[in-house]
Amino acid sequence: MNAAPLIIGAIAFFVLAYRFYYSWIMARALTINDLRQTPAHRLYDGQNYYPMSKWVLFGHHFAAIAGAGPLVGPVLAAQFGYFPGFLWMVLGSVIAGAVHDLVILVASVNHDGKSLAEIARKEVSKLSGGIASLAILIILVVALAGMGVVVVNALAESSWGTFTIAMTIPIAVFMGFWMFRFRKGKTGEATVIGVILLSLAVIYGKHIPDSAVAHWFVFDKPTLTILIAVYGFFASVLPVWVLLSPRDYLSSIMKLAVVAMLAVGIIIVMPEMHMPAFTKFIHGGGPIIPGPLFPYLFITIACGAISGFHSIVSSGTTPKMLMKESHIKFIAVGSMLSEGAVSVMALIAASSLFPLDYFQINVPVEKFAQILPMLQEMGFTQSNLETLSREVGENIAGRTGGAVSLAVGMAQIFSAIPGLEKLMSYWYHFAIMFEALFILTIIDAGTRIARFVLQEALGKIYKPFGKTSWLPGNLITSLIIVFAWAYFVYTGSVSTIWPMFGTANQLLGTIALCIGTSYLINRGKAKYAWITIVPMSFVGVTTMTAGFLNIKNLFIPQIMEASTRIQGSVNLALTVIIMASLVIILADSVPRWMRVVRGH
């Protein structure tokens, strides 16, 4: 099948949903009022509470929520065939993901920009707030460690990628001072300067590996881990206008520009979807995802449809920088639907490869040799891997994880555009660098948000910690969070807890929708509560099912083996904690909903 109708149809659906469905939700269920001062104005401190223009805040929010999920998840889920993932991303983004992000952002703005845990404490109970706080901190540390590993693996020994991404830091600082100090409010000027400087960094970055300064930008994995941890610390403690917000804004410009180029490339090239609409792996037994389509598709594709991590951003940095309530729809819904479009394009890029090449890239070499007869029986006989490896200049067989196959798929589409035929290697390495840039923005925003959550929790013990502008609390909590995730990256032990992240992340999304439902019902909007209850029910059922299957088929067998006993025990414990958190918060919330609806 030609891929062009898929991307055109997805974008058209997202545009219609944004214009009609979400306008209805904003008017009926989430009444906004620009006459009310937002927390950014009312609690302005020049550091964390700082009003940002609509475009800059959109850039920050999109950069913060769009990490590895919309790129890697759809690629891995392509083993089921392209259609299940496509359908979930298109419908899930509209019915679940954007609702989730929007409701939590509105709730946080109406709770002084506080975290999801604080919203739960006010809207449900102190018990639910405490449990939500624990769940959020666990998921944030695991997510930051996982994203850190992806960035370190992408940039290790890569002078081009390291140079380009390093240059975004001074460029962003310059933009921050230009927009907020030297030429206050001149966002357009800062954008033009930033885009020009970033473009020069990308173009010149290609020549860094062959230059005399190449060794300045080549680091091993331990050194890169330390450098990224230092960056995360400064992004957390510096005033938000100095580094975090302008860098995320700059990164989003590049992200969206590349995504737009990919969309245009798909429409021009009209690549064939070589992966079938469905494969036999929908019943389980796949070489990449062993489980069946239900429930594993829905935890593999997270950010591309709904992600609990988004609720942390929507109740973290973003509500503290909102200039007007009327910007909420553009920022929350616009960012989520843009991410849905990114996910669809990632799926198309991976599915445009020959299936045999797709599996040979994403399956370890030894295992691929074992499953080759089965793949050939499925009709997957065509291969172009040798040519692809030669054109990109690397051996790409057995490069698991999804990132390499996505880069190859993107490079194949770009190099098929007339006039760009001989640039396959350039586009491949550009795509790898682009993926690292995409993911790094989660680390800066995530570290700052985790600091907020930890400060709120410690503020219950010692009140000054509760003030986000209190410098000692800022430094102490930032150090704790950075050390927590950097330790897992540096020691390599993140692999111990990463398997439970997909399930835990979606369980957090269910918790957020439950809290969002409480927010709506408590404000007399019970008749519109279905907009959160429907996705909460679906995501909750699928994810709890996945949790039980993981415990039964993965974690308990690991505990039975001496070599994986610690890994299995940690995963089992963390998964049970998050699952129990959801059950307790639901049990705490539902009776309260009934009492409010009945007027008691």
Side-chain angles (χ1 to χ4, degrees), residues 69 100 115-117 120-121 124-146 284 289-292 294-300 302 306-312 446 450 453-454 457 481 484-485 487-488 493-515 535-591:
H100 167 276
S115 72
L116 183 66
R121 189 172 278 108
V124 186
S125 71
K126 289 182 179 180
L127 172 65
S128 290
I131 291 172
S133 183
L134 174 64
I136 290 168
L137 283 172
I138 290 173
I139 291 168
L140 270 171
V141 170
V142 175
L144 291 170
I289 304 165
F294 182 90
Y296 286 101
L297 173 74
F298 306 101
I299 62 170
T300 302
I306 180 173
S307 167
F309 187 87
H310 294 194
S311 67
I312 301 173
V453 176
L454 185 56
I481 294 299
W485 64 257
Y487 169 81
F488 286 116
S493 53
V494 67
S495 60
T496 302
I497 56 176
W498 188 244
M500 54 74 64
F501 172 71
T503 304
N505 182 48
Q506 298 304 73
L507 286 171
L508 178 60
T510 310
I511 289 171
L513 287 166
C514 177
I515 295 168
M536 179 191 75
S537 302
F538 179 77
V539 177
V541 169
T542 56
T543 314
M544 288 293 279
T545 303
F548 283 118
L549 289 177
N550 282 344
I551 291 170
K552 175 186 173 185
N553 301 327
L554 182 59
F555 303 148
I556 290 179
Q558 285 179 337
I559 293 172
M560 296 296 105
E561 294 289 333
S563 60
T564 57
R565 185 162 296 146
I566 294 176
Q567 179 179 356
S569 300
V570 172
N571 277 308
L572 175 63
L574 293 177
T575 301
V576 168
I577 287 172
I578 305 298
M579 291 174 70
S581 297
L582 173 59
V583 172
I584 293 170
I585 291 173
L586 275 171
D588 197 15
S589 300
V590 174

**Student:** Considering residues at least two apart in sequence or located in another chain, which fulfil the side chain to side chain contact (heavy atoms under 4.5 Å, CB included) criterion with Val583?
**Tutor:**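 Val583 satisfies side chain to side chain contact (heavy atoms under 4.5 Å, CB included) with Met544 only.
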**Student:** Mind jotting down which residue pairs meet the side-chain hydrogen bond (donor to acceptor under 3.5 Å, both in side chains) criterion with at least one end in residues 535-545? Sequence neighbours excluded, please.
**Tutor:**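 Qualifying pairs: none.
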**Student:** What are the two closest heavy atoms between Ile515 and Ala120, and how far apart are they?
**Tutor:** CD1-CB, 3.5 Å
**Student:** Between Ile559 and Ser569, what is the shortest heavy-atom contact and its length?
**Tutor:**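 The pair with the smallest heavy-atom distance is CG1-N, 3.7 Å.
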**Student:** To the nearest 0.5 Å, tell me how far Ile299 CD1 sits from Ile306 CD1.
**Tutor:**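 The CD1 atom of Ile299 sits 14.0 Å away from the CD1 atom of Ile306.
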**Student:** For the residue pair Leu554 and Asn571, establish whether any side-chain heavy-atom pair is separated by less than 4.5 Å.
**Tutor:**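 Of all side-chain heavy-atom pairs linking Asn571 with Leu554, none is under 4.5 Å.
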**Student:** Got a sec, which residues hit side chain to side chain contact (heavy atoms under 4.5 Å, CB included) with Thr510, two or more places apart in sequence or on another chain?
**Tutor:** Met536, Val539, Leu582
**Student:** Atom CD1 in Ile578, atom CG in Leu507: separation rounded to 0.5 Å?
**Tutor:** 7.0 Å
**Student:** Is the shortest heavy-atom distance from the side chain of Leu508 to the side chain of Ser311 under 4.5 Å?
**Tutor:** yes
**Student:** To the nearest 0.5 Å, tell me how far Thr300 OG1 sits from Gln506 CD.
**Tutor:**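 With rounding to 0.5 Å, OG1 (Thr300) is 9.5 Å from CD (Gln506).
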**Student:** Output all residues satisfying side-chain hydrogen bond (donor to acceptor under 3.5 Å, both in side chains) with His310, sequence neighbours left out; order by chain, then residue number.
**Tutor:** Asp101, Glu339
**Student:** So Ile584 and Leu127, do their side chains get closer than 4.5 Å, heavy atoms only?
**Tutor:** yes
**Student:** Name the atoms and distances for all side-chain donor-acceptor pairs under 3.5 Å in residues 128-145, with sequence neighbours left out.
**Tutor:**
from   : atom 1 : to     : atom 2 : distance (Å)
Ser128 : OG     : Asp588 : OD2    : 2.7

**Student:** Taking the side chain from Asn550 and the backbone from Phe555, do they hold a donor-acceptor pair closer than 3.5 Å?
**Tutor:**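 Checked: no pair found.
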**Student:** Are Phe501 and Leu574 side-chain neighbours, meaning at least one heavy-atom pair lies under 4.5 Å?
**Tutor:** no
**Student:** For Ser115, enumerate each residue passing the side-chain hydrogen bond (donor to acceptor under 3.5 Å, both in side chains) test, keeping only those at least two apart in sequence or located in another chain.
**Tutor:**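 Testing Ser115 for side-chain hydrogen bond (donor to acceptor under 3.5 Å, both in side chains), a comparison that skips the adjacent residues, returns Glu456.
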**Student:** Of all heavy-atom pairs between His100 and Gly308, which one has the smallest distance, and what is that distance?
**Tutor:** NE2-CA, 4.0 Å
**Student:** Listed by chain and number, what are the ring pair (Phe, Tyr, Trp, His ring centres under 6.0 Å) partners of Phe298, not counting sequence neighbours?
**Tutor:**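 For Phe298 the ring pair (Phe, Tyr, Trp, His ring centres under 6.0 Å) partners, ignoring immediate neighbours, are Trp88, Phe538.
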**Student:** What is the minimum heavy-atom distance between Leu549 and Pro295, and which atoms define it?
**Tutor:**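 Of all heavy-atom pairs spanning Leu549 and Pro295, the closest is CD1-CD, 3.7 Å.
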